[in-house]
Amino acid sequence: MNSKFLIIICAFLFCQDSFAQSPWSLPKGEFNFGLGYSRKTAGKRWYPTSIDTKGTASGEDDTWTADSLQEGPPLIDGKFHDFRYVFFEPRIGLGWGFEVSALICWLDGWERTTSHPGKIPGTSIRLAEPEWEINRGFTDSWLRVKYQFPVKIPMALEVNTRFPDLYDEKGDTYNRFTYEINGQDTVVETSGEWRGLLKRDFGINYHIGGNLDKKYRSFIRGQVGYNFRQDAFADQLIVAVAGGYTFPITKNFSICPNVFVDYIGGMGNGGTPDLSDRFYFNGRKNFYFNNSKTLRTYYNLELKFYNKLSVTGGVGYWVWGRGAAKYTEPFVMINYSFSLKDIKR
């Protein structure tokens with residue numbers, strides 16, 4: 001079985017910005033704009049040593065051995081994935097506890113490959129040694145609406161949708177490459193559809209949290225959610241917790257070290273995919289990656305200036321998984337806040 005088929009998905013499951021999820025909504029007329037960059041790399045994956053399909057087509061009775069952490073040879077510079085993301089996140093407070101936000105992501109994706117789907121353009125050569133296959137452009141993005149309940153303990157309900165419209169191409173069949181016959185050579189280009197799940201999701205999340213001291217320096221927050229997946233099986237359970245402490249340095253400058261931990265687990269449900277599914281794999285129902293499970297941890301440091309500008313940097317580690325790649329993801333993000341009141345002054 002093609003291992004790259006199983007591991008590519010992991011890069012797209014976790015593009016959502018975990019740092020902005022909280023039980024607090026922006027007040028009416030408040031705006032926050034975030035711009036960030038992250039680089040996600042992997043050279044190993046959690047994968048069973050053997051899978052027994054029992055010769056059936058549906059995949060419902062597949063069995064596999066326990067997962068172990070394995071290298072994904074052949075590697076290039078110790079990696080089989082090198083994914084660089086640029087993401088933009090606008091947030092707007094509507095009042096009455098409502099906030100709307102978006103997360104727009106752009107991917108510079110590098111995946112090592114051992115073969116070429118056709119001849120190298122302009123030659124009769126087929127590749128024998130691993131090389132990077134590069135695909136650049138928009139990937140999965142999100143729209144979100146959050147409502148903060150008018151209660152003493154901060155809590156909120158969020159609904160969101162993931163959409164592929166920025167990279168989806170014409171046609172109902174997924175294609176990893178596009179082909180063009182040029183004389184006697186086949187010109188091959190990577191398809192934009194490679195860069196995401198190519199399906200829509202609908203998610204619902206409950207957030208709760210608060211400050212642990214009267215000076216509002218320490219915080220803790222938690223999240224539980226469920227993600228309904230459209231024809232890209234299976235649904236996902238999401239559980240997350242974060243906490244941190246703010247150290248005031250001067251009147252207008254402070255630092256906040258914090259930790260974020262989350263678990264995302266496939267629920268093992270879903271029907272038989274069709275050719276529009278990016279991971280069709282011979283029509284097998286609920287193939288292994290669809291039920292992947294991952295635990296990751298982010299260690300972050302936020303620098304706050306004048307309560308309007310913040311710079312956050314950190315690194316995330318995929319610490320446990322099933323059917324998932326073991327990624328490391330350093331990142332940096334800049335946020336700027338302002339209100340309509342500031343403009344009117």
Side-chain angles (χ1 to χ4, degrees), residues 9-28 30-36 38 40 85-107 138-149 154-168 195-209 221-242 260-267 269-270 278 290 292-294 296 298 312 316 329 331 333 335 337:
I9 183 69
C10 303
F12 306 112
L13 292 181
F14 309 111
C15 184
Q16 272 206 78
D17 176 23
S18 58
F19 318 111
Q21 305 306 299
S22 75
W24 295 278
S25 293
L26 292 177
K28 182 178 180 180
E30 294 283 337
F31 296 80
N32 181 278
F33 294 101
L35 182 65
S38 73
K40 189 181 301 181
Y85 292 94
V86 175
F87 48 93
F88 172 63
E89 183 182 48
R91 300 167 55 206
I92 304 174
L94 301 180
W96 305 284
F98 285 96
E99 174 188 298
V100 296
S101 62
L103 183 67
I104 309 300
C105 302
W106 191 91
L107 170 66
F138 287 106
T139 179
D140 287 319
S141 297
W142 282 261
L143 293 174
R144 302 184 294 238
V145 177
K146 182 166 61 175
Y147 172 70
Q148 181 178 348
F149 296 101
M155 60 182 68
L157 188 68
E158 172 203 328
V159 293
N160 63 68
T161 181
R162 177 181 53 78
F163 57 92
D165 301 76
L166 298 181
Y167 64 90
D168 192 8
R195 295 193 297 266
L197 291 181
L198 206 58
K199 299 291 183 178
R200 300 180 190 277
D201 283 355
F202 174 78
I204 183 168
N205 294 278
Y206 170 75
H207 304 274
I208 188 171
R221 65 176 187 258
Q223 170 190 352
V224 61
Y226 193 88
N227 193 31
F228 298 90
R229 318 207 68 186
Q230 178 214 41
D231 300 330
F233 315 108
D235 293 350
Q236 295 173 318
L237 175 67
I238 302 169
V239 180
V241 63
F260 174 89
V261 180
D262 73 350
Y263 166 82
I264 301 177
M267 300 301 292
N269 58 335
R278 190 193 186 289
N290 292 315
S292 64
K293 297 173 174 59
T294 304
R296 60 179 184 166
Y298 279 83
T312 303
E329 185 185 21
F331 77 94
M333 186 173 185
N335 281 278
S337 300

How close do [X] and [Y] get, counting heavy atoms only, and between which atoms?
{"X": "Met155", "Y": "Tyr206", "result": "SD-OH, 3.4 Å"}
{"X": "Ser25", "Y": "Gly97", "result": "OG-O, 3.2 Å"}
{"X": "Phe87", "Y": "Met333", "result": "CE1-SD, 3.8 Å"}
{"X": "Cys105", "Y": "Ser141", "result": "N-OG, 3.2 Å"}
{"X": "Ser22", "Y": "Ala156", "result": "O-CB, 4.4 Å"}
{"X": "Lys28", "Y": "Trp96", "result": "NZ-CH2, 4.2 Å"}

Item to check | side chain to side chain contact (heavy atoms under 4.5 Å, CB included) evaluation trace for Asp235 with Tyr226 | outcome: CA-CA 7 Å; Asp235 293 350; Tyr226 193 88; 2.9 Å; yes
Under a plain distance cut-off of 3.5 Å, with no hydrogens placed, do [Y] and [X] share a side-chain donor-acceptor pair?
{"X": "Glu158", "Y": "Asn160", "value": "yes"}
{"X": "Arg144", "Y": "Ser101", "value": "yes"}
{"X": "Tyr167", "Y": "Asp140", "value": "yes"}

Item to check | Aromatic plane relationship, Phe98 with Tyr147 - under 30° parallel, 30 to 60° tilted, over 60° perpendicular | outcome: tilted
Item to check | Audit row: Thr312, Phe331, side chain to side chain contact (heavy atoms under 4.5 Å, CB included) steps and yes/no | outcome: CA-CA 8 Å; Thr312 303; Phe331 77 94; 3.9 Å; yes
Checklist entry - Roughly how far, to the nearest 0.5 Å, is the CZ atom of Phe260 from the CZ atom of Arg221? => result 7.0 Å
Checklist entry - To the nearest 0.5 Å, how far apart are CD in Glu30 and CG in Leu94? => result 12.0 Å
Are any non-hydrogen side-chain atoms of [X] and [Y] less than 4.5 angstrom apart?
{"X": "Phe202", "Y": "Gln230", "value": "no"}
{"X": "Phe33", "Y": "Asn335", "value": "no"}
{"X": "Leu157", "Y": "Ile204", "value": "yes"}
{"X": "Asp262", "Y": "Arg296", "value": "yes"}
{"X": "Glu89", "Y": "Arg91", "value": "yes"}

Checklist entry - Knowing that exactly one of Leu26, Leu143, Ile92 qualifies, which makes a side-chain contact (heavy atoms from CB on, under 4.5 Å) with Val100? => result Ile92
Checklist entry - Do the side chain of Arg162 and the main chain of Lys199 share a donor and acceptor less than 3.5 angstrom apart? => result yes
Item to check | Salt-bridge criterion met for Asp168 and Arg200 (N-O under 4.0 Å) | outcome: no
Item to check | Electrostatic pair Arg229-Asp201, nearest N-O below 4.0 angstrom | outcome: yes
Checklist entry - Given the rule in the side chain to side chain contact (heavy atoms under 4.5 Å, CB included) test, do Trp24 and Gln148 qualify, once you have shown the distances and angles that lead to the verdict? => result CA-CA 6 Å; Trp24 295 278; Gln148 181 178 348; 4.1 Å; yes
Checklist entry - Do Ile104 and Leu166 pass the side chain to side chain contact (heavy atoms under 4.5 Å, CB included) test, and can you show the C-alpha distance, the side-chain angles, and the key distance before you say yes or no? => result CA-CA 9 Å; Ile104 309 300; Leu166 298 181; 4.0 Å; yes
